Colleague: 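Sharing a structure here in structure tokens format.
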Amino acid sequence: MKKCNTITILITVISAFIAVGAAVVAVVLFFEKKKKDEEELEHYLDCSIQ
């Protein structure tokens with residue numbers, strides 16, 4: 001019984017780390033895309049003014 005609990009806790013901890021890592025990656029990608037979109041808009045506006 002104790003071995004089963006240890007394996008369950010280990011799997012839970014690993015799953016939690018994977019979930020946190022996935023959330024961090026999602027946030028970073030979101031902000032990178034937002035930054036890229038803003039740069040493209042700024043470039044478009046600069047070109048349209050000239």
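Note that the coordinates shown come from a computational prediction; the quantities given were computed from them, not determined experimentally.
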Colleague: Side chains of E40 and D37: does their closest heavy-atom pair fall under 4.5 Å?
Modeller: yes
Colleague: Tell me if the CD atom of E42 is crowded by more than 12 foreign heavy atoms within 6.0 Å.
Modeller: no
Colleague: For the CG atom of L41 and the CG atom of D46, what is their distance to the nearest 0.5 Å?
Modeller: 9.5 Å
Colleague: Enter the distance from K35:NZ to F30:CZ here, rounded to the nearest 0.5 Å.
Modeller: 14.5 Å
Colleague: Rounded at 0.5 Å granularity, tell me how far NZ in K36 sits from CD in E39.
Modeller: 9.5 Å
Colleague: Distance check, rounded to the nearest 0.5 Å: I11 atom CD1 versus I18 atom CD1?
Modeller: 10.5 Å
Colleague: Just how far is it from atom CG of L10 to atom CG of N5, taken to the nearest 0.5 Å?
Modeller: 12.5 Å
